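Taking it in order: structure first as structure tokens, then the write-up.
Counting starts at 1 for both ligands and their atoms, in listed order. Just so it is clear, the structure is predicted and the values come from calculations on it, not from any experiment.
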Amino acid sequence: MQSQTKRIKVFAPATVANLSCGFDVLGCCLDTVGDEMIISLSSEPGVRITKIEGADLPIETDKNVAGVAVKALLEIYEKEIGVNIEIYKNIKAGSGIGSSAASSAGAVWAVNHLLDNPFSPHKLVEFAMEGEKLASGNAHADNVAPALLGGFTLVRSYDPLDVIKLHTPKDLVMTVIHPQIEVKTSDARSVIKQKVTLKQAIHQWGNLGGLVSGLFTEDYDLIGRSLEDVIIEPMRSILIPEFNNVKNAAIQNGALGCGISGSGPSIFALSKGMDTAKKVADAIREVYATTGLDFDIHISKINSAGIKILE
Ligand code: ADP
């Protein structure tokens, strides 16, 4: 039986992917940064984007990640239904905090809810990945998985897809700075060398194991020691003004670790406790104030629920 609720308003959260040592496999979900979406079922078959506010994004269903993700869901759902999507953007596209993922994940989650949850959250990740494929040419899950499952997630395998929800230590707080410069995902990808040495790989998977273990045991020192990226960050950080100064300021002010959020230009710092996260925000604000560039700073607890119903 279908739910009585034919319309739903959801919070579609921003996410931080990679988390230093987990390129393309780790991500986590933010609590206070995100978009809002209103999704309604309609008797007129088809998927329509009926409104977009807050960003200049394509309204055509096949060019908008939300439309593409919902179409992927409806292809598997047996009955023919109609879906209308309104998107209220707060997360700027190309910011590196999962703007497209929020729309893809929020849309499929809301449609699934309105249909009385025929699909598991893990299945929704697959549909949302179709949106990511449209945005970046690559069906990656490191943003859509934490948006849909909440907390920290690990993509253990892409083929077959195997996504694992990790534990969220309660005192972790994220500080994110988004410098308003454009780093094209294609540029961020093109600076990455396709080969790593065995020495680098050993270093990196040691850190990845350490970070996962630190999350489960709530060992904040271990989390801090493990938030290190010897492969991607040295290549990509050159695209982000003041990256090293921001990182030094964050660590000096008590952050457990600091790195590039997704493919940048946003930079994240993880701290234990809100007070430290605020101190870190002040310190990196001071660094960026010298650049003359516009920027936003977000401070957020980790959201272990993921997408939330607003109305
Ligand atoms: P971010 O770096 O924040 O993760 P993305 O790489 O996720 O940004 O995606 C941005 C790209 O996706 C842009 O080219 C944008 O035009 C496209 N796009 C299509 N639909 C949407 C949408 N609903 N929300 C955000 N971006 C979208």
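- Under a 4.0 Å criterion applied to the non-hydrogen atoms of I97, ligand 1 contributes the atoms 3 (O).
- Looking at every heavy atom in both residues, L134 comes nearest to V68 through CD2-CG2, 3.7 Å.
- The shortest N/O to N/O separation between S103 and ligand 1 falls below 3.5 Å.
- Ligand-side atoms of ligand 1 in range of A135: 9 (O), 12 (O), range being under 4.0 angstrom from any heavy atom.
- Atom CG of L26 is separated from atom CG of L215 by 8.0 Å, given to the nearest 0.5 angstrom.
- The N/O atoms of S263, backbone and side chain alike, include none that comes under 3.5 Å of an N/O atom in ligand 1.
- Neither the backbone nor the side chain of I91 comes within contact range of ligand 1; no heavy atom lies under 4.0 Å.
- Counting only heavy atoms from C-beta outward, the side chains of I39 and N84 never approach each other to under 4.5 Å.
- Under the 4.0 Å distance rule, the nearest protein heavy atom to atom 7 (O) of ligand 1 falls inside the cut-off.
- In terms of polar-atom proximity, A93 is not counted as a contact of ligand 1, lacking any N or O under 3.5 Å from an N or O of the ligand.
- Ligand 1 has an N or O atom lying under 3.5 Å from an N or O atom of G96, backbone or side chain.
- At a heavy-atom distance under 4.0 Å, atoms from both the backbone and the side chain of V65 approach ligand 1.
- Within the structure, the ring-ring contact (aromatic ring centres under 6.0 Å, His included) test picks out the following pairs touching residues 261-311 (sequence neighbours left out): Y288-F295.
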>> Apply side chain to side chain donor-acceptor pair (under 3.5 Å) to residues D142 and H140 and explain how you reach the verdict.
In response: CA-CA 6 Å; D142 48 350; H140 59 98; 2.6 Å; yes
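- From the protein, the heavy atom lying nearest to atom 27 (C) of ligand 1 is L57 CD2, 3.6 Å.
- Between S95 and ligand 1 there is a heavy-atom distance shorter than 4.0 Å.
- Under 4.0 Å from ligand 1, the heavy atoms of K89 that appear belong solely to its side chain.
- Using a 4.5 Å cut-off between side-chain heavy atoms of Ile, Leu, Val, Met, Phe, Trp and Tyr, with links allowed through other members, L227 and I232 fall into different hydrophobic clusters.
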> Hey, mind stepping through Q204 and N207 against side chain to side chain donor-acceptor pair (under 3.5 Å) and telling me if it holds?
Replying inline: CA-CA 5 Å; Q204 197 88 345; N207 279 326; 5.2 Å; no
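- E53 is linked by a salt bridge (charged side-chain N to carboxylate O under 4.0 Å, His left out) to K51, counting only residues two or more places apart in sequence or in another chain.
- Of the protein's heavy atoms, S99 OG, 3.3 Å lies nearest to atom 25 (C) of ligand 1.
- In summary, of the residues considered (T32, L270, V280), a side chain to side chain contact (heavy atoms under 4.5 Å, CB included) with M174 occurs for L270 alone.
- Taking 4.0 Å as the cut-off between side-chain N and carboxylate O, D282 and K279 do not count as a salt-bridged pair.
- Heavy atoms of G262 come nearer than 4.0 angstrom to ligand 1 in no pair at all.
- Among all protein heavy atoms, the one lying closest to atom 10 (C) of ligand 1 is G94 N, 3.8 Å.
- For ligand 1 and K63, the ligand atoms under 4.0 Å from any heavy atom of the residue are 19 (C).
- In S100, the parts holding a heavy atom less than 4.0 Å from any atom of ligand 1 are both the side chain and the backbone.
- Side-chain atoms of S304 and K165 include no donor-acceptor pair closer than 3.5 Å.
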